[in-house]
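Structure first, then comments.
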Amino acid sequence: MSNLFNRDRRRFEAFIRQHRPSLLGLARRLCARSSLEPEDLVQETFERAMPEFAHLKDRTDSAAAAWLCTTMTNRFLDYCRRQRTESRGMPHLALVQDLAVSPEETQENWALVSTDAFQKAIERLKPHLRDAYRLHAEGKRYNAIAEHFNVPVGTVGSWLTLARRDLKELLLPQVAVAREQGATSS
Amino acid sequence: MTTPCTNLHLFVDGELSAPDAEVFRQHLGRCPECEAGLRELLQLELLASRALGGSASVAEPPPAKVTPLRPWMQRMSRTVVPVALAAGLAAVGVFRLQTQPEAPTDVWLAGADVRTLEARLSHPMADRFRPYEPMRGTSGAANPLPLRPLAELEEQQDFRGIAAAYALRGDWQQAESFLSRAPASADRDNDRAVVALSGQRWEEALNLLGGALRQEPRHAQALWNRGLALRGLGLLKQAEASFRDVASLPGQAAGWQVAAEKRADEMRALRDAEAARWQRQVRETWAQLTEKTADAAYLVREQPAVTRAALYEAVRTATSANAVASLLPLASALDGLGEGTVLQDYVRDAASRDFKVRAPLAEDYARLVKGALVPGLLERLRVSQETDLYVGALLHTGEATRDAESLKALQRYAHGSRDPWLNLLAERERARSEEASGRAANAEHLLLATLRTCGAYNTLFPCAEIN
């Protein structure tokens with residue numbers, strides 16, 4: 001007997017298992033030293049994914065991850081704004097300003113970047129930036145990375161900033177190419 | 001001097017001190033550049049985490065403390081989400097869920113010592129007898145649904161069970177959507193009727209229950225709920241009968257039997273009280289009208305229905321043309337509330353009668369209004385030309401519900417008068433005669449139709465009198 005319920009549940013479980021660790025990693029960093037629970041942030045994110053799952057399940061891993069990232073970022077920003085409003089005891093007035101890149105555009109851009117593309121990009125970084133970023137991605141703190149390279153902690157910060165700038169520059173043209181391919185193939 | 005914006009990377013990497021992190025979070029809420037930067041940065045970090053396998057910051061162990069998920073559960077129960085997915089989230093999402101009590105009986109609030117739902121659900125687990133106590137405040141959210149047993153129920157395709165769990169928590173939307181997935185049965189119709197009752201959609205509930213009872217005439221929950229629907233419609237006599245039916249069913253919990261008996265008695269008492277109150281009001285107003293002590297303007301404004309009924313009696317019991325004619329201003333004021341001139345026409349017609357003939361009949365009719373039937377009065381009225389008195393006597397004695405010819409006379413007169421209220425009363429008598437002949441379903445049908453018509457006149461008529 002076909003059981004729609006079970007199939008949906010298993011797919012959603014698999015979806016959560018796949019994305020939860022990396023989301024939780026980000027959430028722990030965002031929530032560090034605050035009263036916000038990283039698990040709550042992630043849980044809320046998946047909760048929001050539930051009604052959207054019919055669409056999400058058929059998208060690429062990158063697109064789904066980008067969606068989850070945007071959603072979690074939104075939840076986190078909401079939290080920040082709420083905190084701000086509460087601490088200052090005044091109503092929050094939304095700031096209407098033109099952003100350089102809209103949230104939707106950010107999400108769309110990153111939805112097109114595959115993990116393969118990322119691995120190729122990181123190989124093209126300068127060796128010290130690449131290695132520092134790898135250590136960081138493994139979960140090493142700044143002081144551990146600084147010790148590894150025997151450099152001041154501040155240097156690690158600027159290396160990571162540079163690594164990210166370069167990665168973005170390497171990956172964004174790929175986005176443009178992927179878009180063009182998408183446009184020609186459709 | 002560093003602006004907070006320069007701290008974005010340090011913040012995302014968790015390298016800021018607690019106060020600096022706090023300052024940055026506050027800054028984030030009002031800095032569009034940092035917000036855009038944060039979005040970009042987090043996308044990149046997430047991608048790195050996925051591409052490089054590590055989870056980018058598994059540096060800390062998961063927190064040992066167990067945080068309650070209450071707020072989350074409550075939110076869930078308010079929004080319509082696919083239960084399958086919710087169950088998936090519950091299963092994978094977190095160990096924390098396991099700290100929620102998940103004994104299956106919790107699904108149907110088996111631990112509660114009272115029930116807050118007046119209607120009865122068909123699911124046996126949800127239909128255990130407990131004394132009824134109307135819900136105060138919003139305690140529904142205090143009983144979050146344990147999701148895992150719910151998922152198991154869905155796996156077993158026990159949609160009525162899931163719907164019952166939602167219904168017990170007042171989540172009618174979810175209850176309804178699960179019932180629509182349950183296979184057709186008397187039980188399902190009963191439960192859908194419970195949903196309708198929750199929205200005071202009495203007629204819809206009654207239709208569903210009718211369907212359920214055609215399949216299973218002795219369906220205890222359906223009979224009980226039918227009592228509730230009929231009460232909602234003001235059909236207290238029928239409601240009483242339905243509760244009596246429940247009480248007479250064998251093989252059920254004694255609590256339900258006693259509760260049904262009690263409800264039936266309540267319906268009877270309520271009906272008697274309402275009828276007595278109505279009769280008293282009409283009699284008092286009638287007395288004021290005949291003794292000319294009535295404040296007509298006040299009566300018309302404050303109690304038009306009672307005044308209308310009293311006007312008929314005042315006209316019928318008046319023993320002179322002048323006495324009848326003096327009621328004309330009141331009749332026209334009452335006519336003015338609706339449309340037409342039926343009451344003025346009636347008063348004029350009555351004033352033109354021959355009072356040598358009419359006065360003695362009117363005097364005996366007045367005795368009937370006070371509760372004493374002079375023997376032979378009905379027959380004298382029947383053969384007289386004073387049809388309005390005859391009709392009044394038929395209504396007082398209920399003769400039209402027993403005798404087909406009398407009923408026809410009543411209907412003829414009502415129709416000829418074009419008086420909507422008299423026509424409604426004639427329909428009521430017809431329904432009662434159907435009931436007296438053992439055709440209760442027809443009677444109910446007629447009464448419902450009559451009530452609908454009556455309701456359309458707004459507050460002009462005492463629709464409770466249709467009951």
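Heavy-atom basis, side chains included; hydrogens, waters and symmetry copies ignored. In what follows, chains are A, B, ... by sequence order, proteins preceding strands, each numbered from 1.
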Between A:Phe76 and B:Leu42, is there a side-chain heavy-atom distance shorter than 4.5 Å? no
Looking only at A:Asp61, A:Ile122, A:Leu160, A:Val153, the option with the highest number of non-hydrogen pairs under 4.5 Å against chain B is A:Asp61
Strictly less than 4.5 Å between heavy atoms, which residues of residues 65-74 of chain A line up against chain B? Please order them by number. A:Ala65, A:Ala66, A:Cys69, A:Thr70, A:Thr73, A:Asn74
Go through the atoms of B:Leu16 and report whether side chain, backbone, both or neither lie under 4.5 Å from a heavy atom of chain A. backbone
Can you tell me which portion of A:Leu167 sits under 4.5 Å from chain B's heavy atoms? Options are side chain, backbone, both or neither. side chain
Chain B contact via A:Phe15 - side chain, backbone, both or neither, heavy atoms under 4.5 Å: neither
Worked verdict on A:Lys168 versus B:Leu44 for side chain to side chain contact (heavy atoms under 4.5 Å, CB included): CA-CA 8 Å; A:Lys168 230 177 96 179; B:Leu44 176 68; 5.5 Å; no
Determine whether B:Gln43 and A:Asn109 make a side-chain contact, defined as any pair of heavy atoms from C-beta on separated by less than 4.5 Å. no
Would you be so kind as to tabulate the donor-acceptor pairs closer than 3.5 Å made by side chains of residues 142-151 of chain A, with sequence neighbours excluded?
{"from": "A:Tyr142", "atom 1": "OH", "to": "B:Asp13", "atom 2": "OD2", "distance (Å)": "2.4"}

Okay, A:Ser114 and chain B: the region with an atom under 4.5 Å from a heavy atom over there is backbone
Under a 4.5 Å cut-off applied to non-hydrogen side-chain atoms, are A:Leu30 and B:Phe11 in contact? yes
Below 4.5 Å, heavy atoms only, C-beta onward: do B:Glu45 and A:Arg29 meet side chain to side chain? yes
